[in-house]
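Here is the structure we will look at.
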Amino acid sequence: MSCTEQELSTQDMLQGHIDLHHHLYGYHKSMALLCATDLGIPGAIHRRGGAATISDIVADTMIPPAKLPHLRRLMRVLSVSGIFAVEEDVYKLTPASRLLVGDKASCNFSPLVHLVVSPAMLTTFSSLSPWFRDGRNASPTALFEMAHGMPPWEMMKRDDTMNSALNDACVADSSFLMEIALRERGDVVFRGLRSLVDVGGGHGGAAMAIAKAFPDIKCSVLDLPHVISQAPDDGTHVLHCWDADDCVKILGQCKKAIPARGDGGKVILINPVIGYGVKQDSTLKETQVLADMNMIAIGGAEREEHEFKKIFLDAGFSDYRIMPVLGLMSIIEVYP
(Lines give C-alpha, C1' and ligand atoms only; values in the text may rest on other atoms or scores of the structure.)
Protein backbone atom coordinates (compact mmCIF):
# COMPACT_ATOMS: atom_id res chain seq x y z
CA MET A 1 0.00 0.00 0.00
CA SER A 2 1.43 3.37 -0.96
CA CYS A 3 1.30 6.31 1.43
CA THR A 4 -1.55 7.81 -0.60
CA GLU A 5 -3.66 4.62 -0.72
CA GLN A 6 -5.15 5.03 2.70
CA GLU A 7 -8.65 5.88 3.91
CA LEU A 8 -7.92 9.60 3.86
CA SER A 9 -8.99 12.25 1.45
CA THR A 10 -6.49 13.92 -0.82
CA GLN A 11 -6.91 17.11 1.18
CA ASP A 12 -6.19 15.31 4.46
CA MET A 13 -3.05 13.73 3.00
CA LEU A 14 -1.80 17.05 1.68
CA GLN A 15 -2.51 18.71 5.03
CA GLY A 16 -0.58 15.92 6.74
CA HIS A 17 2.31 16.59 4.36
CA ILE A 18 2.23 20.28 5.35
CA ASP A 19 2.01 19.49 9.07
CA LEU A 20 4.94 17.05 8.93
CA HIS A 21 7.19 19.59 7.22
CA HIS A 22 6.04 22.33 9.59
CA HIS A 23 7.25 20.25 12.55
CA LEU A 24 10.46 19.21 10.83
CA TYR A 25 11.43 22.80 10.09
CA GLY A 26 10.34 24.12 13.48
CA TYR A 27 13.86 24.34 14.88
CA HIS A 28 14.78 26.80 12.12
CA LYS A 29 12.62 29.38 13.90
CA SER A 30 14.69 29.05 17.06
CA MET A 31 17.95 29.29 15.12
CA ALA A 32 16.70 32.32 13.19
CA LEU A 33 15.70 33.98 16.47
CA LEU A 34 19.14 33.26 17.92
CA CYS A 35 20.78 34.73 14.83
CA ALA A 36 18.69 37.91 14.97
CA THR A 37 19.48 38.28 18.67
CA ASP A 38 23.21 37.80 18.08
CA LEU A 39 23.17 40.34 15.26
CA GLY A 40 21.36 42.88 17.44
CA ILE A 41 18.42 43.26 15.06
CA PRO A 42 15.72 43.82 17.72
CA GLY A 43 17.87 46.55 19.30
CA ALA A 44 18.54 48.17 15.93
CA ILE A 45 14.81 48.42 15.22
CA HIS A 46 14.17 49.69 18.75
CA ARG A 47 16.77 52.46 18.44
CA ARG A 48 15.02 53.72 15.30
CA GLY A 49 11.79 54.20 17.19
CA GLY A 50 10.46 50.69 16.67
CA ALA A 51 10.43 50.65 12.86
CA ALA A 52 13.28 50.12 10.39
CA THR A 53 13.82 49.23 6.74
CA ILE A 54 16.12 46.42 5.70
CA SER A 55 18.72 49.02 4.70
CA ASP A 56 18.49 50.59 8.16
CA ILE A 57 19.08 47.18 9.75
CA VAL A 58 22.10 46.50 7.50
CA ALA A 59 23.61 49.88 8.37
CA ASP A 60 22.99 49.65 12.11
CA THR A 61 24.13 46.06 12.59
CA MET A 62 27.13 46.33 10.21
CA ILE A 63 25.99 43.30 8.23
CA PRO A 64 27.88 43.22 4.89
CA PRO A 65 25.62 44.60 2.11
CA ALA A 66 26.26 41.45 0.09
CA LYS A 67 24.23 39.53 2.69
CA LEU A 68 21.16 41.72 2.21
CA PRO A 69 19.22 39.12 0.13
CA HIS A 70 19.82 36.54 2.86
CA LEU A 71 18.86 39.02 5.56
CA ARG A 72 15.53 39.55 3.79
CA ARG A 73 14.92 35.80 4.00
CA LEU A 74 15.84 35.76 7.69
CA MET A 75 13.50 38.66 8.39
CA ARG A 76 10.75 37.01 6.37
CA VAL A 77 10.74 33.84 8.49
CA LEU A 78 10.84 35.89 11.69
CA SER A 79 7.97 38.08 10.47
CA VAL A 80 5.83 35.13 9.37
CA SER A 81 6.43 33.50 12.76
CA GLY A 82 5.44 36.67 14.67
CA ILE A 83 8.79 37.84 16.07
CA PHE A 84 8.63 40.94 13.89
CA ALA A 85 5.86 42.61 11.92
CA VAL A 86 6.37 43.99 8.42
CA GLU A 87 4.36 46.53 6.47
CA GLU A 88 5.50 48.01 3.14
CA ASP A 89 9.06 46.78 3.71
CA VAL A 90 9.26 48.39 7.16
CA TYR A 91 9.96 46.01 10.03
CA LYS A 92 8.46 46.65 13.45
CA LEU A 93 8.77 45.13 16.88
CA THR A 94 6.01 42.87 18.19
CA PRO A 95 5.24 42.12 21.85
CA ALA A 96 7.61 39.13 21.57
CA SER A 97 10.59 41.02 20.16
CA ARG A 98 10.05 43.93 22.56
CA LEU A 99 11.18 41.51 25.27
CA LEU A 100 14.58 41.33 23.54
CA VAL A 101 15.42 45.02 23.86
CA GLY A 102 15.97 47.42 26.69
CA ASP A 103 18.84 49.06 28.49
CA LYS A 104 18.11 47.29 31.80
CA ALA A 105 19.28 43.68 31.93
CA SER A 106 16.29 42.85 34.12
CA CYS A 107 13.95 43.69 31.21
CA ASN A 108 15.84 41.93 28.41
CA PHE A 109 15.23 38.27 27.58
CA SER A 110 18.16 37.93 25.17
CA PRO A 111 20.06 35.75 27.69
CA LEU A 112 17.11 33.33 27.68
CA VAL A 113 17.50 32.94 23.91
CA HIS A 114 21.21 32.24 24.31
CA LEU A 115 20.49 29.72 27.07
CA VAL A 116 17.69 27.71 25.45
CA VAL A 117 19.34 27.63 22.01
CA SER A 118 22.86 27.18 23.37
CA PRO A 119 25.17 24.55 21.83
CA ALA A 120 25.07 22.66 25.14
CA MET A 121 21.28 22.33 25.05
CA LEU A 122 21.16 21.45 21.34
CA THR A 123 23.85 18.81 21.80
CA THR A 124 21.92 17.38 24.74
CA PHE A 125 18.84 16.72 22.62
CA SER A 126 20.94 15.00 19.97
CA SER A 127 21.28 12.22 22.57
CA LEU A 128 17.54 11.91 23.21
CA SER A 129 16.96 8.64 21.33
CA PRO A 130 19.98 6.80 22.83
CA TRP A 131 18.95 8.07 26.27
CA PHE A 132 15.47 6.56 25.94
CA ARG A 133 17.02 3.19 25.04
CA ASP A 134 19.62 3.25 27.83
CA GLY A 135 18.36 1.55 31.00
CA ARG A 136 21.62 1.77 32.95
CA ASN A 137 21.69 5.32 34.30
CA ALA A 138 18.63 6.20 36.40
CA SER A 139 19.90 9.68 37.30
CA PRO A 140 17.38 12.46 36.54
CA THR A 141 20.17 14.29 34.70
CA ALA A 142 21.26 11.22 32.71
CA LEU A 143 20.38 12.80 29.35
CA PHE A 144 22.66 15.78 29.93
CA GLU A 145 25.37 13.51 31.37
CA MET A 146 25.21 11.25 28.31
CA ALA A 147 25.84 14.22 26.04
CA HIS A 148 28.42 16.09 28.15
CA GLY A 149 29.91 13.68 30.67
CA MET A 150 28.76 15.73 33.67
CA PRO A 151 25.53 16.97 35.30
CA PRO A 152 24.18 20.35 34.13
CA TRP A 153 24.93 22.15 37.38
CA GLU A 154 28.56 21.01 37.22
CA MET A 155 28.82 22.47 33.72
CA MET A 156 27.31 25.71 35.00
CA LYS A 157 30.12 25.98 37.51
CA ARG A 158 32.76 25.37 34.83
CA ASP A 159 31.28 27.35 31.95
CA ASP A 160 31.07 31.04 32.85
CA THR A 161 29.21 31.92 29.65
CA MET A 162 26.45 29.39 30.23
CA ASN A 163 26.27 30.21 33.93
CA SER A 164 25.92 33.93 33.18
CA ALA A 165 23.25 33.24 30.57
CA LEU A 166 21.26 31.19 33.10
CA ASN A 167 21.55 33.78 35.86
CA ASP A 168 20.77 36.73 33.57
CA ALA A 169 17.80 34.86 32.10
CA CYS A 170 16.49 34.16 35.61
CA VAL A 171 16.87 37.84 36.57
CA ALA A 172 14.91 38.95 33.50
CA ASP A 173 12.23 36.28 33.96
CA SER A 174 11.81 36.90 37.68
CA SER A 175 11.70 40.68 37.32
CA PHE A 176 9.22 40.53 34.45
CA LEU A 177 6.87 38.08 36.16
CA MET A 178 7.16 39.62 39.59
CA GLU A 179 6.28 43.08 38.30
CA ILE A 180 3.05 41.68 36.84
CA ALA A 181 2.36 39.45 39.85
CA LEU A 182 2.73 42.39 42.24
CA ARG A 183 0.51 44.57 40.08
CA GLU A 184 -2.21 41.99 39.52
CA ARG A 185 -2.16 39.92 42.73
CA GLY A 186 0.30 41.61 45.08
CA ASP A 187 -2.20 42.49 47.81
CA VAL A 188 -3.74 39.01 47.69
CA VAL A 189 -0.47 37.06 47.78
CA PHE A 190 1.98 39.17 49.81
CA ARG A 191 -0.03 41.50 52.04
CA GLY A 192 0.42 40.60 55.71
CA LEU A 193 3.61 38.56 55.36
CA ARG A 194 6.40 39.39 57.82
CA SER A 195 9.26 37.52 56.16
CA LEU A 196 9.99 35.77 52.88
CA VAL A 197 12.80 33.52 51.64
CA ASP A 198 13.19 33.18 47.86
CA VAL A 199 14.49 29.61 47.49
CA GLY A 200 16.52 29.33 44.29
CA GLY A 201 16.18 33.09 43.92
CA GLY A 202 19.29 33.57 41.79
CA HIS A 203 20.50 37.15 41.87
CA GLY A 204 17.52 38.28 43.93
CA GLY A 205 15.41 40.00 41.27
CA ALA A 206 12.11 38.72 42.65
CA ALA A 207 13.04 39.36 46.28
CA MET A 208 14.09 42.92 45.50
CA ALA A 209 10.81 43.62 43.69
CA ILE A 210 8.79 42.28 46.63
CA ALA A 211 10.83 44.24 49.17
CA LYS A 212 10.32 47.43 47.18
CA ALA A 213 6.55 46.93 46.99
CA PHE A 214 6.22 45.72 50.60
CA PRO A 215 8.99 47.30 52.73
CA ASP A 216 7.68 45.61 55.89
CA ILE A 217 8.52 42.15 54.55
CA LYS A 218 12.03 40.93 55.39
CA CYS A 219 13.22 39.28 52.17
CA SER A 220 16.13 36.85 51.86
CA VAL A 221 17.51 34.79 48.96
CA LEU A 222 18.75 31.20 49.15
CA ASP A 223 20.74 29.76 46.25
CA LEU A 224 23.94 27.90 45.39
CA PRO A 225 27.27 29.56 46.29
CA HIS A 226 28.42 30.02 42.68
CA VAL A 227 25.16 31.83 41.95
CA ILE A 228 25.13 34.08 45.00
CA SER A 229 28.78 35.02 44.44
CA GLN A 230 27.82 36.79 41.21
CA ALA A 231 24.73 38.52 42.60
CA PRO A 232 24.73 42.33 42.22
CA ASP A 233 24.54 44.61 45.24
CA ASP A 234 21.38 46.17 44.32
CA GLY A 235 14.01 33.20 40.59
CA THR A 236 11.12 31.84 41.58
CA HIS A 237 10.13 28.69 39.67
CA VAL A 238 12.82 26.48 41.20
CA LEU A 239 10.74 23.28 41.50
CA HIS A 240 10.75 22.64 37.78
CA CYS A 241 14.53 22.02 37.99
CA TRP A 242 14.10 18.91 40.15
CA ASP A 243 12.42 15.53 40.01
CA ALA A 244 9.38 14.77 42.19
CA ASP A 245 11.34 13.22 45.07
CA ASP A 246 13.64 16.21 45.36
CA CYS A 247 10.66 18.58 45.16
CA VAL A 248 9.10 16.78 48.12
CA LYS A 249 12.35 17.17 50.07
CA ILE A 250 12.65 20.88 49.20
CA LEU A 251 9.05 21.61 50.14
CA GLY A 252 9.36 19.52 53.28
CA GLN A 253 12.21 21.76 54.44
CA CYS A 254 10.18 24.85 53.53
CA LYS A 255 7.27 23.54 55.62
CA LYS A 256 9.54 23.22 58.65
CA ALA A 257 10.59 26.85 58.28
CA ILE A 258 7.18 28.51 57.97
CA PRO A 259 4.50 29.21 60.59
CA ALA A 260 1.06 27.62 60.64
CA ARG A 261 -1.49 28.61 58.03
CA GLY A 262 -3.46 30.60 60.58
CA ASP A 263 -0.35 32.69 61.25
CA GLY A 264 0.16 33.46 57.56
CA GLY A 265 2.49 30.60 56.69
CA LYS A 266 2.54 29.50 53.05
CA VAL A 267 4.86 28.62 50.19
CA ILE A 268 4.48 30.76 47.06
CA LEU A 269 5.46 29.26 43.72
CA ILE A 270 5.55 30.78 40.26
CA ASN A 271 5.52 27.88 37.84
CA PRO A 272 3.72 26.59 34.75
CA VAL A 273 0.84 24.25 35.51
CA ILE A 274 0.37 22.40 32.24
CA GLY A 275 -3.11 22.87 30.84
CA TYR A 276 -4.51 24.62 33.91
CA GLY A 277 -6.96 27.35 32.92
CA VAL A 278 -6.28 26.67 29.22
CA LYS A 279 -9.42 26.61 27.12
CA GLN A 280 -8.91 27.34 23.43
CA ASP A 281 -5.35 28.68 23.56
CA SER A 282 -3.45 25.76 22.03
CA THR A 283 -0.33 27.92 21.70
CA LEU A 284 -0.14 28.29 25.48
CA LYS A 285 -0.43 24.57 26.18
CA GLU A 286 2.00 23.71 23.40
CA THR A 287 4.50 26.17 24.87
CA GLN A 288 4.07 24.61 28.31
CA VAL A 289 4.71 21.08 27.06
CA LEU A 290 7.68 22.27 24.98
CA ALA A 291 9.04 23.88 28.14
CA ASP A 292 8.66 20.48 29.79
CA MET A 293 10.72 18.90 27.02
CA ASN A 294 13.38 21.52 27.64
CA MET A 295 13.43 20.59 31.33
CA ILE A 296 14.09 16.93 30.46
CA ALA A 297 17.60 18.04 29.49
CA ILE A 298 18.47 19.05 33.05
CA GLY A 299 16.45 16.45 34.94
CA GLY A 300 13.48 18.68 35.78
CA ALA A 301 9.85 18.78 34.73
CA GLU A 302 6.89 21.04 34.16
CA ARG A 303 3.83 19.46 35.76
CA GLU A 304 0.07 19.12 35.57
CA GLU A 305 -2.12 19.93 38.56
CA HIS A 306 -2.45 16.32 39.76
CA GLU A 307 1.35 15.98 39.81
CA PHE A 308 1.72 19.13 41.90
CA LYS A 309 -1.04 17.94 44.23
CA LYS A 310 0.77 14.67 44.95
CA ILE A 311 4.04 16.50 45.65
CA PHE A 312 2.33 18.96 48.00
CA LEU A 313 0.54 16.22 49.94
CA ASP A 314 3.65 14.02 50.10
CA ALA A 315 5.57 16.99 51.54
CA GLY A 316 2.98 17.30 54.34
CA PHE A 317 0.96 20.28 53.07
CA SER A 318 -2.80 20.35 53.45
CA ASP A 319 -4.07 22.51 50.61
CA TYR A 320 -3.10 24.73 47.68
CA ARG A 321 -4.50 27.38 45.35
CA ILE A 322 -3.56 27.97 41.70
CA MET A 323 -3.97 31.40 40.10
CA PRO A 324 -3.34 31.24 36.31
CA VAL A 325 -2.72 34.97 35.97
CA LEU A 326 0.78 35.12 34.46
CA GLY A 327 0.29 33.74 30.96
CA LEU A 328 2.70 30.83 30.70
CA MET A 329 3.02 30.74 34.49
CA SER A 330 0.67 30.45 37.44
CA ILE A 331 0.98 31.68 41.01
CA ILE A 332 0.58 28.73 43.39
CA GLU A 333 0.02 29.14 47.11
CA VAL A 334 0.72 26.00 49.18
CA TYR A 335 -0.58 25.86 52.75
CA PRO A 336 0.69 23.83 55.75
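Model, not experiment: these values are computed from the prediction. Here, residue 1 is the first one in the sequence, and each next residue gets the next number.
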Only pairs under 3.5 Å count here: list side-chain donor-acceptor contacts from residues 251-259, not counting sequence neighbours, and write none if there are none.
none

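- Taking the salt bridge (charged side-chain N to carboxylate O under 4.0 Å, His left out) definition, one finds that Glu154 meets it with Lys157, Arg158, sequence neighbours left out.
- The side-chain hydrogen bond (donor to acceptor under 3.5 Å, both in side chains) search around Asp38 returns His114, not counting sequence neighbours.
- Residues forming a side-chain hydrogen bond (donor to acceptor under 3.5 Å, both in side chains) with Tyr276 (at least two apart in sequence, or on another chain): none.
- Ser30 contributes no side-chain N or O that, together with a main-chain N or O of Gly26, makes up a donor-acceptor pair within less than 3.5 Å.
- When the side-chain hydrogen bond (donor to acceptor under 3.5 Å, both in side chains) test is applied to Asp12, the partners found at least two apart in sequence or on another chain are Ser9.
- Under the salt bridge (charged side-chain N to carboxylate O under 4.0 Å, His left out) criterion, no residue pair touches residues 107-117, with sequence neighbours excluded.
- Sorted by first and then second residue, the salt bridge (charged side-chain N to carboxylate O under 4.0 Å, His left out) pairs with a member in residues 14-36 form an empty list; sequence neighbours excluded.
- Counting only residues at least two apart or on different chains, the salt bridge (charged side-chain N to carboxylate O under 4.0 Å, His left out) pairs with a member in residues 262-271 are Lys266-Glu333.
- Salt-bridge formation is detected for the pair Arg48/Asp60: a Lys NZ or Arg NE/NH1/NH2 atom is positioned less than 4.0 Å from an Asp or Glu carboxylate oxygen.
- For the side-chain contact (heavy atoms from CB on, under 4.5 Å) test, residues two or more places apart in sequence or in another chain that qualify with Thr287 are Thr283, Leu328.
- Sequence neighbours left out, the pairs with a member in residues 315-336 that pass ring-ring contact (aromatic ring centres under 6.0 Å, His included) are Phe312-Tyr320.
- With hydrophobic clusters built from ILVMFWY side chains whose heavy atoms lie under 4.5 angstrom apart, Met31 shares a cluster with Leu112.
- The ring pair (Phe, Tyr, Trp, His ring centres under 6.0 Å) search around His21 returns His17, Tyr25, not counting sequence neighbours.
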Donor-acceptor pairs are to be reported for all side-chain atoms of residues 69-90 against protein atoms at under 3.5 Å, with residues two or more places apart or in another chain.
| residue | atom | partner | partner atom | Å |
| --- | --- | --- | --- | --- |
| Ser79 | OG | Met75 | O | 2.7 |
| Ser81 | OG | Val77 | O | 2.8 |
| Ser81 | OG | Leu78 | O | 3.3 |

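- Between Phe214 and Phe190, the angle of the ring planes lies from 30° to 60°, which puts this pair in the tilted group.
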